[in-house]
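By convention in this document, chain letters (A, B, ...) are assigned in the order of the sequence lines, proteins followed by strands, and residues within each chain are numbered from 1. Keep in mind that what you see is a predicted model, and the values were worked out from it rather than measured.
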Number of protein chains: 2
Amino acid sequence: MAMTIADIAKIAGVSRATVSGVLNNSPTVSVKTKDRVLAIIKKYDYRPNEIARALALNQTGLIGLIVKDISNPLYSEIALGVEDVCGQEGLSVIIGNSHKEWDREVAHINLLKRRRVDGLIIFPLQKGADVRHIADLKKEKYPFVLLAEIPGIEADLVRADDKVGAFQATEHLINLGRKRIGYITGPQSALASDRRLAGYRKALKKHDVIPNKEYVIRGGWRLKDGYQAGKEFLSCKMSCPDAVFCYNDSVAIGVMRAFVENGIRVPQDVAVVGFDDAGVGAYLETGLTTVAQPAMEIGRRSAIRLVELIRLKNNTQRPKKLFLQTKLQIRETCGANKKGSVSVQKQMNNS
Amino acid sequence: MAMTIADIAKIAGVSRATVSGVLNNSPTVSVKTKDRVLAIIKKYDYRPNEIARALALNQTGLIGLIVKDISNPLYSEIALGVEDVCGQEGLSVIIGNSHKEWDREVAHINLLKRRRVDGLIIFPLQKGADVRHIADLKKEKYPFVLLAEIPGIEADLVRADDKVGAFQATEHLINLGRKRIGYITGPQSALASDRRLAGYRKALKKHDVIPNKEYVIRGGWRLKDGYQAGKEFLSCKMSCPDAVFCYNDSVAIGVMRAFVENGIRVPQDVAVVGFDDAGVGAYLETGLTTVAQPAMEIGRRSAIRLVELIRLKNNTQRPKKLFLQTKLQIRETCGANKKGSVSVQKQMNNS
DNA sequence: ACAATACCTTAAATCGGTTCAAATTCATGG
DNA sequence: CCATGAATTTGAACCGATTTAAGGTATTGT
């Protein structure tokens, strides 16, 4: 077995309390003793048992991060941000994937509570799901930060400002002279899609573009949803849109594929804008213009906020909601010059 | 504060030992008592403190996963696989990013050891780094699995069989009738690059293609490294290769960009094959043929192996090395028909 | 030389579980 | 009704740290 504090104490000829004092460099222990104990700790490569420590201190130095699927670049970048901040604070991050399944989300939260993590960052399931487990967290004053709104629950939140992002994207298309601008929605459950729709509409309104209901098509989050939507645009009677704003990048790529297959050129005939900028856009031959989510920053800020909440024991503050700015990443699919895309901002760092 | 086992015991009018028995459904506790205690546990929503449990049992139910950068699709998919298996086993996964920095790798491992994680899965820094911290793990018989070899350390390992993957890719190019096949290496530190080079050479040899040293170019892991390499191919005196096998997908995309900019068509003039299949390839207009790493499976198998190691306390088995098969993912960049790529195998699930 | 003070160190309780030998209760048969 | 053994339950030690009141030593002032 590993050394314990008692072993060190015995070797050093002091009490466990003194060794503990050394470890947490309490000012009461004399320099002489401290040095001696420290030397012994080093010599025997003693590593305090954080589990025992956690039990005594009633805090674990662990936080839980629950996302839908860590292999999604958006979430993995958030995770990177979270881990970055937590690492600096000496916290470790436990990751759980809900796989968009309610049971798993609940199971993860329950397990993490049993593990007494100091706090949670959760990207929750949305619309329509039973959210009592989240409501419970609030009731128990368990520190947590959400990465997406849950209707009916007021809680600390960090997310991108979708509406403004969508507004900017749409406005950009309008400024480019596009008149028939479509929007392909995300899955019904995604509140973000509604917000993006709102931003899109606001931009149309501001610039007196008459909104055409036929240009708003129900989509999804996958490439094939976009492809499908593209087909729909093509097959309907009205004239095809000359610009499409999409729920996310995958959808954008799908719709482009549908267009290109039918001889419709991007960006000449139709401009396309995606959302997220989750890794792919920069790699396309015709770089994808997209609304970049500040994913890493979302991770960082949510972690920072969580740390605050953890520090503020028994806080009575009202929940804070943080909306981070998106950034319109302009590439070729809405008419940037080719040159612009060669300078890739963020490359994937493959092993 | 949360309920403790003592509270439950008092309410149920039994001893803590009995409640403990109920929790771990020991056969010695009577059904009657068990039901009664269970009802109380449920009523008061009691959640046993896993920290206290970990202290008593000397096992935490935690495992550590150290990768270079979780936002890299390859690693995040590995993480997904790890979490999947661990979830089924009731283990939680702590993630640490080393950011390719030795200090961070060491710091993470040390912290995780203090946290008494039951085991570690590590994608270590390679060539040239001080690896004493890994050697120590072995000396201490701490259960761990590596995801990349470390010269001089025999340890449990799970990785893709790069050499065979590279061999297959190269052979595929040869079978396509390509004669002047190039290879763009990865960073010097990557052992995987050497293995891929070996596989490439083996394929050339088998098919009596005379290897040309000029066709092997030093690259890297980023798009711009590939772009650079592409330029080199173009500017050198020999005739340009008619096929290029690349260290990874980013490099492949970079080299393609360099070619296309100079009017060289892919795949007509030059075929390109990447490595990893880390998310991007399927999204390109001309889908990238690539050697797909079984990333999820690497995660799963390494976790399974780690669980074995944890179970086998004091094992004396020799380390097992598992080499998982790659899969040549054929898309357009080496001449597949367009149709093939539209059916995307794995889409990104953007929120 | 002695009291007062400052400075260190320690013993013992505590955190919330598990474990197991010993004690208690229960059921069975003579 | 009691002995016997099986079935349950329990008390107390333990896991490895922190904490704090109390005890011990050294230092200072008079």
K.L.:
Output one line per pair: protein atom, nucleotide atom from nucleotides 21-28 of chain D, and distance, for all N/O pairs under 3.5 Å.
P.N.:
none

K.L.:
Contact class for Ser20(A) vs. all strands (heavy atom < 4.0 Å): base, sugar-phosphate, or nothing?
P.N.:
base

K.L.:
Taking Ile298(B)'s backbone N and O only, do any of them form a donor-acceptor pair with Ser302(B)'s side chain (distance below 3.5 Å, no angle check)?
P.N.:
yes

K.L.:
My understanding is that only residues two or more places apart in sequence, or in another chain, count here; which of them pass side chain to side chain donor-acceptor pair (under 3.5 Å) with Ser76(B)?
P.N.:
none

K.L.:
Could you give the CD1-to-P distance, from Ile51(B) to dC15(D), as a whole number of Å?
P.N.:
18 Å

K.L.:
Separation of Ile8(A) atom CD1 from dA17(D) atom P, in whole Å?
P.N.:
9 Å

K.L.:
Among residues at least two apart in sequence or on other chains, which ones pass side chain to side chain donor-acceptor pair (under 3.5 Å) with Arg115(B)?
P.N.:
Ser92(A)

K.L.:
Whole Å only: how far is the CD1 atom of Ile5(B) from the P atom of dT19(C)?
P.N.:
11 Å

K.L.:
Pairing donors with acceptors under 3.5 angstrom, does anything connect the side chains of Asn24(A) and Ser26(A)?
P.N.:
no

K.L.:
Any chance CD of Glu154(B) has more than 12 other-residue heavy atoms, nucleotides or ligands included, within less than 6.0 Å?
P.N.:
no

K.L.:
Could you give the CG-to-C1' distance, from Asn24(B) to dG16(C), as a whole number of Å?
P.N.:
13 Å

K.L.:
I need the CG-C1' distance between Asp7(B) and dC15(C), as an integer number of Å.
P.N.:
13 Å

K.L.:
Does dG16(D) have OP1 or OP2 sitting under 4.0 Å from an N or O in the side chain of Tyr46(A)?
P.N.:
no

K.L.:
Heavy atoms under 4.0 Å, any strand shown: does Leu55(B) hit a base, just sugar-phosphate, or nothing?
P.N.:
base

K.L.:
Test of understanding: with side chain to side chain donor-acceptor pair (under 3.5 Å), list the residues that count as partners of Arg318(A), not counting sequence neighbours.
P.N.:
none

K.L.:
Output the rounded distance in Å from CG (Asn58(B)) to C1' (dG16(D)).
P.N.:
10 Å

K.L.:
Would you say the side-chain atoms of Asn110(B) pair up with the backbone N or O of Ala107(B), donor to acceptor, closer than 3.5 Å?
P.N.:
no

K.L.:
Along nucleotides 9-14 of chain D, 5' to 3', which nucleotides get a B, which get an S, and which get a -, given that the test is a protein heavy-atom distance under 4.0 Å?
P.N.:
BBB-B-

K.L.:
Closer than 3.5 angstrom, by distance alone: can the side chain of Asp118(B) be matched with the main-chain N or O of Ile63(B) as a donor-acceptor pair?
P.N.:
no

K.L.:
Which nucleotide in the set dA17(D), dG17(C), dT18(D) lies at the smallest distance from any side-chain heavy atom of Asn49(B)?
P.N.:
dG17(C)

K.L.:
Between Arg311(B) and Glu308(B), does any side-chain N to carboxylate O distance fall below 4.0 Å?
P.N.:
no

K.L.:
Looking at the side chain of Ala52(B), which of dG17(C), dT18(D), dG16(D) is the nearest nucleotide?
P.N.:
dG17(C)

K.L.:
Is the shortest distance from a Lys or Arg side-chain nitrogen in Lys10(A) or Asp7(A) to a carboxylate oxygen in the other one below 4.0 Å?
P.N.:
no

K.L.:
To the nearest Å, how far apart are Arg114(B) CZ and dA17(D) C1'?
P.N.:
12 Å

K.L.:
Looking at every non-hydrogen atom in both residues, tell me the closest pair between Ala54(A) and Thr60(A) and how far apart they are.
P.N.:
CB-CA, 3.8 Å

K.L.:
The side chain of Arg53(B) is closest to which nucleotide in this list: dA17(D), dT18(C), dT19(D)?
P.N.:
dT18(C)

K.L.:
Between Arg116(B) (CZ) and dC15(D) (C1'), how many Å, whole number?
P.N.:
11 Å

K.L.:
Axis-to-axis angle across the helix from dA1(C)-dT30(D) to dG30(C)-dC1(D), five pairs an end, to 10 degrees?
P.N.:
50°

K.L.:
Show the nearest heavy-atom pair for residues Ile153(A) and Ala135(A), with the distance to one decimal.
P.N.:
CD1-N, 3.7 Å

